J.: 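Okay, handing you the structure first.
Computed from a predicted structure; not experimentally measured. In what follows, every heavy atom counts, from backbone to side chain, and hydrogens, waters and symmetry copies are set aside. All chains are named by letter (A, B, ...) in the order of the sequence lines, taking the proteins before the strands, and each is independently numbered beginning at 1.
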Protein chains: 2
Amino acid sequence: MKVSQRTEYGIRAMISLARHYDNGPASIKEIATGEGIPGAFLEQIMAELRRGGIVESQRGVNGGYMLSNSPSETSVGTVVEILEGSLSPARCESDCSKMPDCSTRTVLKRIEESITETLDNIYLDELLKVGVHEQ
Amino acid sequence: MKVSQRTEYGIRAMISLARHYDNGPASIKEIATGEGIPGAFLEQIMAELRRGGIVESQRGVNGGYMLSNSPSETSVGTVVEILEGSLSPARCESDCSKMPDCSTRTVLKRIEESITETLDNIYLDELLKVGVHEQ
DNA sequence: CTAAATCCGACTAAATTAGTAAGGTATTAA
DNA sequence: TTAATACCTTACTAATTTAGTCGGATTTAG
Ligand code: FES
Ligand code: FES
């Protein structure tokens with residue numbers, strides 16, 4: 001049930017952007033060196049977050065990334081959902097026509113609801129109060 | 001955040017044992033064919049659950065596995081914890097002396113607590129009421 | 001003794017994840 | 001207008017993890 005390195009980097013980058021909010025765009029290079037994340041890898045991650053709509057990009061000199069919405073409006077749930085695909089731990093797809101009440105799915109469904117609710121209620125601004133991640 | 005196939009098999013096997021409770025031990029072969037799980041793989045999984053203390057085994061003819069405690073005392077949380085190693089999604093280890101309040105860990109810690117609480121409150125007997133998993 | 005079962009460890013193959021590399025495109029400062 | 005900056009995109013590789021197999025040893029009932 002570990003979150004992927006990719007997602008952890010994504011969360012850290014988002015926190016970094018939140019910290020930088022109202023201070024113009026932050027470039028990949030800045031974020032990467034600041035957080036100790038491989039630049040080319042972070043580039044992929046940021047592109048995905050942009051396609052997910054929670055960050056915006058500015059190309060060219062002095063460009064970079066910035067949050068689409070304020071830190072207090074951006075939840076960690078959204079970040080994880082974009083990067084991790086879906087929060088559902090189920091392997092069996094949603095229809096499952098033959099067995100709509102399968103007990104395994106019941107368990108997995110509950111896990112999902114629990115995770116979703118937790119993450120959707122953590123906003124980036126809360127996280128600015130606590131410390132910065134150190135490798 | 002998907003749960004591994006291994007763990008899903010484990011949950012299903014445990015539900016199977018719960019259904020079989022008060023009916024003597026159930027063999028790997030029985031469970032495997034009944035649930036559509038590869039036998040040799042299930043063997044590994046059951047051994048791990050036994051080492052985790054939630055099932056007991058009986059060797060030899062007419063042997064097999066049985067729950068150590070009743071279905072109403074056996075939580076899914078324990079099953080997942082044994083098979084998935086830990087429920088913590090954090091990658092960074094517990095001490096993290098340099099940065100005890102790292103924001104990333106704060107997030108991951110909350111996810112963990114949420115999952116743990118959810119799973120620890122689902123007991124096998126509840127799951128007997130709903131349907132059986134069909135491939 | 002023998003058949004049925006768990007037990008154990010090593011092994012392989014497939015899939016996923018982490019990370020790299022290279023070249024293109026838009027933007028802007030000078 | 002040009003050069004530098006930084007995003008954009010795709011393809012590739014390497015490492016790790018996961019899923020599953022295999023062979024043999026041990027235990028036990030009949
Ligand atoms: S999780 Fe350890 S420093 Fe952030
Ligand atoms: S039958 Fe689909 S999850 Fe069980």
J.: Grab the two heavy atoms, one from Y9(A) and one from P38(A), that are nearest each other, plus how far apart they are.
T.: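 Shortest heavy-atom contact: OH-CD, 3.9 Å.
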J.: Rounded to whole Å, please give me the gap between CD in E48(B) and C1' in dG9(C).
T.: 14 Å
J.: Consider only side-chain heavy atoms of I, L, V, M, F, W and Y, link residues closer than 4.5 Å, and tell whether L128(A) and V79(A) are in one cluster.
T.: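 Yes; tracing contacts between hydrophobic side chains, which count when under 4.5 Å, links both residues.
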J.: Roughly how many Å is it from CZ in R50(B) to C1' in dT27(D), rounded to a whole number?
T.: 13 Å
J.: For dG19(C), does either OP1 or OP2 sit under 4.0 Å from a side-chain N or O belonging to Y9(A)?
T.: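 Indeed, a polar side-chain atom of Y9(A) lies that close.
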J.: Identify which one of T74(B), L124(B), L67(B) satisfies the side chain to side chain contact (heavy atoms under 4.5 Å, CB included) criterion when paired with Y21(B).
T.: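 It is L67(B); the other options fail the test.
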J.: Could you give the CE-to-P distance, from M46(A) to dC8(D), as a whole number of Å?
T.: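 Distance, rounded to whole Å: 9 Å.
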J.: Of the non-hydrogen atoms in G39(A) and A32(A), which two are nearest, and what is the gap between them?
T.: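 In terms of heavy atoms, the two residues are closest at CA-CB, 3.9 Å.
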J.: Of the nucleotides dT9(D), dT28(D), dA19(D), which has the atom closest to the V61(B) side chain?
T.: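 My answer, after comparing the listed nucleotides, is dT28(D).
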J.: Strictly below 4.0 Å: does S57(A) bring a side-chain N or O up to OP1 or OP2 of dC8(D)?
T.: yes
J.: Please state how far atom CD in E84(B) lies from atom P in dT17(D), giving the value in whole angstrom units.
T.: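 Value for this atom pair: 13 Å.
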J.: Just how far, in rounded Å, is C1' of dA19(D) from CD of E8(B)?
T.: 13 Å
J.: In whole angstrom, give the distance that lies between atom CG of L49(B) and atom P of dC7(C).
T.: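 Computing the L49(B):CG to dC7(C):P distance gives 12 Å.
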J.: Do the side-chain N or O atoms of Y65(B) get closer than 4.0 angstrom to the phosphate oxygens (OP1, OP2) of dC7(C)?
T.: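 Affirmative; the distance criterion is met.
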J.: What N/O pairs connect the protein and nucleotides 21-25 of chain D at under 3.5 Å? Give each pair on its own line.
T.:
from, atom 1, to, atom 2, distance (Å)
dT21(D), O4, Q44(B), NE2, 2.7

J.: Starting at CD1 of I45(B) and ending at P of dC7(C), how long is that distance when rounded to a whole Å?
T.: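 After rounding, the reported distance stands at 14 Å.
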J.: For dT6(C), take OP1 and OP2 only and decide whether either is under 4.0 Å from a side-chain N or O of R51(B).
T.: no
J.: Minimum heavy-atom separation for V80(A) to T7(A), with atom names?
T.: CG2-CG2, 4.1 Å
J.: Check G10(B) against I45(B) and note the closest heavy-atom contact, atom names and distance.
T.: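 That would be CA-CG2, 3.9 Å.
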J.: When the distance from CZ of R6(B) to C1' of dA15(C) is rounded to whole Å, what number comes out?
T.: 16 Å
J.: Provide the closest heavy-atom pair for Y123(B) versus E73(B) in the form atom of the first, atom of the second, distance.
T.: CD2-C, 3.8 Å
J.: Whether Q5(B) contacts dA15(C) is assessed here as follows: a side-chain N or O lying under 4.0 Å from the phosphate OP1 or OP2. Is that the case?
T.: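 For dA15(C), neither OP1 nor OP2 has a side-chain N or O of Q5(B) closer than 4.0 Å.
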J.: Could you check Q58(B) against I28(A) and say which one's nearest nucleotide on DNA chain D is further toward the 5' end?
T.: I28(A)
